[in-house]
Amino acid sequence: MNIRSNPDTTLPAVTTGPLPSSRKIFVTPDEAPDVRVPLREIILSEGAGEPNLPVYDTSGPYTDPAVTIDVNKGLPRNRTAWVLERGGVEEYQGREIKPEDNGNVGTAHAAKSFTAHHKPLRGLDGHKITQLEFARAGIITKEMIYVATRENLGRKQQLERAEAAIADGESFGASIPPFITPEFVRSEIARGRAIIPCNINHGELEPMVIGRNFLTKINANIGNSAVTSSVEEEVDKMVWAIRWGADTV
């Protein structure tokens, strides 16, 4: 684990680096060769022939050694390309930052302005924007492909014992297939039984699906302070939440 700081300031650092005995890996779904889905690979026994264990990864780019974290520049907005590719959106001039956005604190306590500025997007009349709209129109989005791959932990073929394991357990009314396909994700969203929270202006997020026929997701609540914490300290609270498995914060 590496805790990096800016040598030109005394600001606290944001925690980065992989979890112990783990490394971040990426898998590419066959349906979208330009999409990279992150997983955490737990190294079980180096050199002993035991295969490493891929698990669901909620830690975001903060555990990716190839990414440099700078809270003032923000995270890479890779998903924005998917939104623009689908069309039906336009940029517009957002409102100016107001004192109440910083809790009406004085200049001494106000968070400094970020160096990265992105014009917000909005949907055009008559165009589909949300995952629900696409799902009900029979369209599979890259977000749906992404979450299907995450749910399967990167498997391209169903596990041999998946059907037996499902039959051996108690579903409590759920209807989970042995292998999650993008079409299954689409159909669950279209039926109103699942959601993918992904506003078009959150281009940096890694999509995940919430629904009874998918893996359980964890929401974490963290407190913050505009007068006793720096931006870096607040981000680090979030980082530790997602390092230990929070899907949403």
Side-chain angles (χ1 to χ4, degrees), residues 16-19 21-44 46 50-69 74-87 89 128 130-131 134-135 137-163 176-190 194-211 213-217 242-243 245-248:
T16 61
L19 275 72
S21 299
S22 299
R23 61 189 171 205
K24 184 180 287 290
I25 61 173
F26 294 90
V27 294
T28 299
D30 294 333
E31 299 88 348
D34 60 328
V35 171
R36 299 171 75 231
V37 181
L39 298 173
R40 178 163 69 93
E41 187 177 60
I42 300 175
I43 302 167
L44 297 179
E46 287 281 15
E50 190 170 359
N52 295 334
L53 177 66
V55 298
Y56 200 102
D57 182 21
T58 63
S59 61
Y62 299 93
T63 53
D64 187 347
V67 176
T68 299
I69 300 299
L75 300 177
R77 296 164 63 86
N78 300 324
R79 197 177 70 87
T80 298
W82 306 353
V83 176
L84 297 178
E85 180 182 272
R86 291 193 291 262
V89 298
K128 290 176 284 295
T130 69
Q131 297 298 305
F134 284 112
I139 298 172
I140 295 175
T141 65
K142 286 186 176 178
E143 287 85 350
M144 298 174 196
I145 296 171
Y146 188 105
V147 302
T149 304
R150 289 189 89 177
E151 293 289 309
N152 289 319
L153 301 179
R155 299 191 302 266
K156 291 189 176 181
Q157 296 178 347
Q158 73 177 51
L159 294 177
E160 293 180 359
R161 61 178 297 274
E163 291 181 352
I176 304 172
F179 189 75
I180 304 295
T181 65
E183 169 56 25
F184 179 75
V185 174
R186 185 207 64 77
S187 66
E188 289 293 286
I189 294 173
I195 62 169
I196 301 178
C198 54
N199 185 289
I200 59 173
N201 285 298
H202 294 174
E204 71 288 338
L205 66 77
E206 296 177 350
M208 60 90 184
V209 62
I210 299 173
N213 291 324
F214 299 100
L215 297 174
T216 299
K217 306 306 186 295
I242 62 177
R243 282 178 75 87
D247 295 91
T248 59

Query - Shortest non-hydrogen separation from G138 to R186 and the atoms involved - result: C-CD, 3.7 Å
Query - Any Y146 side-chain heavy atom under 4.5 Å of I196 side chain - result: no
Report summary line: Scanning both residues in full, the closest heavy-atom pair of V147 with M144 reads CG2-O, 3.3 Å
Query raised in the report: With no hydrogens and no angle check, is any side-chain donor or acceptor of R243 less than 3.5 Å from a backbone partner on S59?
Result: no
Query - Sub-4.5 Å side-chain heavy-atom contact between V209 and I180 - result: no
Requested in this report: To the nearest 0.5 angstrom, please state how far the OG1 atom of T141 sits from the CH2 atom of W82.
Outcome: 8.5 Å
Query raised in the report: Do the non-hydrogen side-chain atoms of N52 and P54 ever get within less than 4.5 Å of each other?
Result: no
Query raised in the report: How many angstroms lie between atom CG of D30 and atom OG1 of T149, to the nearest 0.5 angstrom?
Result: 8.5 Å
**Report entry** Nearest-0.5 Å distance, CG of residue D247 to OH of residue Y56
**Finding:** 5.0 Å
Query raised in the report: Do T248 and M208 touch side chain to side chain, with heavy atoms closer than 4.5 Å?
Result: yes
Report task. Any chance you could lay out the side-chain contact (heavy atoms from CB on, under 4.5 Å) test for I145 and V35, step after step, and finish with the verdict? Result -> CA-CA 9 Å; I145 296 171; V35 171; 5.6 Å; no
Report task. Give the minimum heavy-atom separation between V37 and P29, together with the two atoms involved. Result -> CG2-CD, 4.2 Å
Requested in this report: Would you name the heavy atoms of I242 and G60 that are closest together and state the gap between them?
Outcome: CD1-N, 4.5 Å
Report summary line: Between I69 and P61 the two heavy atoms that sit nearest each other are CD1-O, 4.2 Å
Report task. Kindly state each residue pair satisfying salt bridge (charged side-chain N to carboxylate O under 4.0 Å, His left out) with at least one member in residues 139-149, sequence neighbours excluded. Result -> D34-K142, R79-E143, E85-K142, R86-E143
Query - Student check: side-chain heavy atoms of P197 and Q131 closer than 4.5 Å - result: no
Requested in this report: With rounding to the nearest 0.5 Å, note down the distance linking CD in E188 to CD1 in I210.
Outcome: 14.0 Å
Query - Rounded distance [0.5 Å steps], CG in D57 versus NZ in K24 - result: 3.5 Å
Requested in this report: Kindly compute the distance separating CG (L205) from CG (L75), expressed to the nearest 0.5 Å.
Outcome: 10.5 Å
Report summary line: On a heavy-atom basis, the closest approach of P182 and I140 is CB-CG2, 3.7 Å
Query - With sequence neighbours excluded, residues passing side chain to side chain donor-acceptor pair (under 3.5 Å) with E206 - result: none
